[in-house]
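Every chain is numbered from 1, with letters handed out A, B, ... down the list of sequences. This is a predicted model, so every value here is computed, not measured.
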Amino acid sequence: MSAGAASITLERGGLARRTSDALFRRPALLLTLLLVPPLLWLGIVYLGSLFALLAQSFFSIDEFSGLINYEFTLSTYRELFRLANLDVIIRSLVMATAVTLASVVVGFPIAYFAARYARGKWKALFYLAIMLPLWSSYLVKVYSWKLILAKEGIITWIAQKLHLVWLLDAVLAIPVIGGPSLSISYLGTFLVFLYVWLPFMILPTQAALERVPGNLIEASADLGAHPGQTFRTVIFPLALPGIIAGSIFTFSLTLGDYIIPQIVGTSSYFLGQAVYTLQGTAGNIPLAAAFTVVPIVIMGLYLWIAKRMGAFDAL
Amino acid sequence: MRSERGSRPPRALTIAAVAGLLFLHVPLLLIFVYAFTTEEKSYQFPPPGFTTKWFAVVWERQDIWDAIWLSVKVASVATLIALVLGTCAAAAVSRARFFGRDYISLLFILPIALPGIITGISLRSAFNIVGLDFSFWTIVLGHATFCIVVVYNNALARFRRTSGSLIEASMDLGADGFQTFRYVVLPNIASALLAGGMLAFALSFDEVIVTTFTAGQQSTLPIWMLTELIRPRQRPVTNVVAIFIVAVTFIPILVAYYLTREGEHTAGAGK
Amino acid sequence: MTTAVRFQRVSRHFGTVRAVDDVTLDIAEGEFFAMLGPSGSGKTTCLRLIAGFEQPTSGHIEIFGETAEGVPPYRRNVNTVFQDYALFPHMNVLDNVGYGLMVRGVSKAQRDKRSLEALALVELAGFEARRPGQLSGGQRQRVALARALVNEPKVLLLDEPLGALDLKLREQMQVELKTLQRNLGITFVFVTHDQGEALSMADRVAIFNEGKIVQVGVPEDIYERPRRRFVADFVGSSNVLTPDFSARTGGPHKWASLRPEKIDIWREETLPDATVRHCEAKVISVHYQGAVTRIATQAGGQLLSATIPSGSAKVSPGDIVTLAWPAGALHVMEDEA
């Protein structure tokens, strides 16, 4: 081996090498260079916009001129808590809760089956079967339900073939959730919400269930617990963080959506629609901003509770 | 969860799981049927007859081509920005501990954790305040914001799986920072970036909620679709466009899945 | 003799943790130097300071007389064999080995030729087209070695290179590494927590504890004449005698070490004279180890173990025996009594 070679090579080298030297000597500089662009983007573009919007909720709108009055006031929040607006908030909350609970009921068997019984190729297939609906176009999914729920659509057709039209009519006759047709009822809106957000519940639930050791279930069975008891005392509590993680999505997404109730549903507003109309046709940005504070506060509370229950590990 | 070989699922569970999966997939399949219907005025089922003429009609429609082209451009630019910013952030977070590191993930997730309408209306009012006219770039600005997290999640997972000693080994063998990035870091994260980029593209290509607020008069494909949904003009044309969108978003998702499937199922964590 | 690596009062602190604390050390050219210590004792940080992955918080490092602080790893003619080998998974064996030459701009033909030579040196000819994932642990270790050696480093750093290998392969690699080092004449700095490995391979050994070097010396010194209780405890099977016990049996009131093979069981009727120290002890256990038998005993609070030729005495647990050792066998240590 060449004993004459230098132990340290200090010739300066090209620009790349000199830059590399500089970054090596100042690791904090490299870190800064890496972090500043994304932080600037999100900090200025996103957070900046968000805070600018929230700040506007403390302004008010002049009822005669329709111009924004840039003085600090809480009057917009007083307006938010008027009966008609509270109605919108409560309607949205009830819908978000219903959708979340239903997606647990429908999603859990899929997640449980995928986690406990699907193996090898079937497991991959199951995974894709959940991923594809999750990622396929939101609008197309909503659209497909417009086709399904239409009066002349497949549900009516099936009801006729099975001689169950009376049942369909009975369901539509139920006060509040029913309506002239499925596509103009809360029930219809609910079904579309459930369909569109269901995969967001299945994935984290399945992830949580994957982490339940199989021998825990066998141990429970060994100790004489019948399947129902095992489910209640072992499986469900362990899956709960995953379910809560999923519910963050189903709840938040339902709360903020303004397109689904616009396409399938009655003429009563949900939160998202109210915001949309207020900032658009009504031009009342302060009240729209105050409205957006509602889902932020609700989701903030929700996330805080979820964090305390350990749901973030299952995300 | 591991179960004994040969243990069979209870019948009720199988039925519930299969029913759930049918619920997830039948509606999408139904659209394929409707794309061939001869009925123009309603959503009649079963279709009175079948035809392929709507595909030809769509082919001739310039407004649809314009919308597709705009969506492709927006998604490409937004994905590119997200790739650069998301990779930078993931590299920084995976490499070092620093003050506030734990909050960075939260910041990146915020645009998709909060309802899209909040992002949309915030951006719109901010554009108004700064006096920015709505254009191609305002759409891109919005899309890149929520695409970053998809790239970030994929890149971070790969960085964490890639042994830190590989970078040290490269430097030890005489490669400076740039050589190390080119010969060692990039080849190791390439497939994760490709997957993240694909998902970001799919996300942007399909986005409607934020776009409504940031688009002005221009119409991306989802905006075109939304207009058709609210005020249907030629229903079968919408059906054909719908299956086109399904196809375009499925391909990148399948590719992304195959690129990242070795143990890191992070593909869905972004949306 | 030229000094290959010099540490002058080098410290490396991570926050309040003193990973390396005021270490002064000279490693001579061509030496096989081992850094031995428990995990977290600072030996790996020392290695990383030489490689350039870490910079000293204070103090001065020289490599062949040149200042090393602030010099990035890629400017040091020092190469490392990593504990996890750190082979590039996306390159085949030949490209892995040729990597250092490639980034230095050596032509493809040249670097392939030299890489093949290096592979032959570690007896891996014919493996050049494989991927690291297709190799066994021992083969990966050899590729890592070839990848470092092909650059003709002035100092080769080895970070627990044998840790992941099974016992048989490990013993074989110990011999091979030693031979390789002799033939190449490169300075090897070897980090390990395995005392047997360090003592059998190294020319000199540094014992690390809590960021400091406790003792540096040739293996014999370390083994026979530990200067500290820590060394006696860590390096071997030596008995560590408390000052009280040492004084009670006629020695100085100091911590002392006593090798088990120096202790015998006294079988004469009369007690030994003053040149032989002795005590009564109760046998706790007897372990037959082939040629010798190891007897663990207790004398008061002091644990003493003795190795005697198998068959030289019949003892069983519970017996009270008289243990004896030559006065000169006692090695007094520097710790405060």
Side-chain angles (χ1 to χ4, degrees), chain B residues 83 87 90-102 154-198 255-256 258-264 266, chain C residues 14-15 44 47-48 50-54 71-92 95-106 111 115 118 131-133 140 143-161:
Chain B
L83 273 174
T87 311
V93 168
S94 68
R95 261 182 79 93
R97 335 196 102 264
F98 49 86
F99 177 75
R101 192 180 79 150
D102 297 339
N154 272 274
L156 189 63
R158 181 62 60 87
F159 274 127
R160 288 202 167 133
R161 250 178 13 140
T162 306
S163 154
S165 62
L166 286 186
I167 293 169
E168 288 187 346
S170 169
M171 304 260 265
D172 185 73
L173 291 164
D176 61 37
F178 296 96
Q179 289 172 316
T180 300
F181 181 77
R182 181 172 156 203
Y183 297 122
V184 175
V185 178
L186 205 54
N188 270 295
I189 63 166
S191 63
L193 289 191
L194 194 58
M198 292 261 178
V255 173
Y258 281 104
L259 285 174
T260 54
R261 69 186 153 158
E262 314 106 35
E264 36 167 286
T266 53
Chain C
F14 299 99
T44 297
L47 200 76
R48 295 171 58 80
I50 305 174
F53 304 135
E54 302 285 350
V71 177
Y74 52 85
R75 286 187 179 280
R76 300 179 183 209
N77 199 1
V78 169
N79 287 118
T80 308
V81 175
F82 290 83
Q83 187 171 12
D84 62 356
Y85 313 138
L87 299 181
F88 305 124
H90 57 290
M91 297 180 191
N92 64 22
D95 291 342
N96 259 288
V97 175
Y99 185 84
L101 302 174
M102 192 257 298
V103 296
R104 280 191 187 82
V106 175
R111 67 174 191 258
S115 303
R131 294 262 169 165
R140 282 183 216 180
V143 175
L145 197 59
R147 184 176 69 172
L149 289 174
V150 78
N151 303 298
E152 302 180 354
K154 303 278 279 188
V155 181
L156 184 72
L157 309 174
L158 302 107
D159 186 6
E160 307 243 3

Got a second to check how far B/M171's CE is from C/T80's OG1, nearest 0.5 Å?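 Rounded to the nearest 0.5 Å, the CE-OG1 separation comes to 12.0 Å.
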Chi angles and distances behind the side-chain contact (heavy atoms from CB on, under 4.5 Å) call for C/Y74, B/S170: CA-CA 8 Å; C/Y74 52 85; B/S170 169; over 6 Å; no
Could you look at C/R48 and say if it's the side chain, the backbone, both or neither that has a heavy atom under 4.5 Å from chain B? side chain
Does a side-chain heavy-atom distance below 4.5 Å link B/Q179 with C/M102? no
Could you check whether any side-chain heavy atom of C/F82 comes within less than 4.5 Å of a side-chain heavy atom of B/L166, counting everything from C-beta outward?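 Side chain of C/F82 against side chain of B/L166, heavy atoms only: no contact under 4.5 Å found.
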C/V103 to B/L173 - nearest heavy-atom pair and separation: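 Of all heavy-atom pairs spanning C/V103 and B/L173, the closest is CG2-O, 3.8 Å.
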Which heavy atom of B/T180 sits nearest a heavy atom of C/Y99, and at what distance?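 Minimum heavy-atom contact is CA-OH, 4.1 Å.
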Partner residues of C/R131 under the side chain to side chain donor-acceptor pair (under 3.5 Å) criterion, sequence neighbours left out: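 C/R131 satisfies side chain to side chain donor-acceptor pair (under 3.5 Å) with no other residue.
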Name the member of C/L87, C/D84, C/V150 that forms the most heavy-atom pairs with chain B at distances under 4.5 Å.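 With the most close heavy-atom pairs to chain B, the winner is C/D84.
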Say whether, by atom type as modelled, one donor and one acceptor occur between the side chain of B/N188 and the main chain of C/H90 under 3.5 angstrom.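 Between the backbone of C/H90 and the side chain of B/N188 there is no qualifying donor-acceptor contact (under 3.5 Å).
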Taking only residues two or more places apart in sequence or in another chain, which ones pass salt bridge (Lys or Arg N to Asp or Glu O under 4.0 Å) with C/R111?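 Partners of C/R111 by the salt bridge (Lys or Arg N to Asp or Glu O under 4.0 Å) criterion come out as none, since no residue qualifies.
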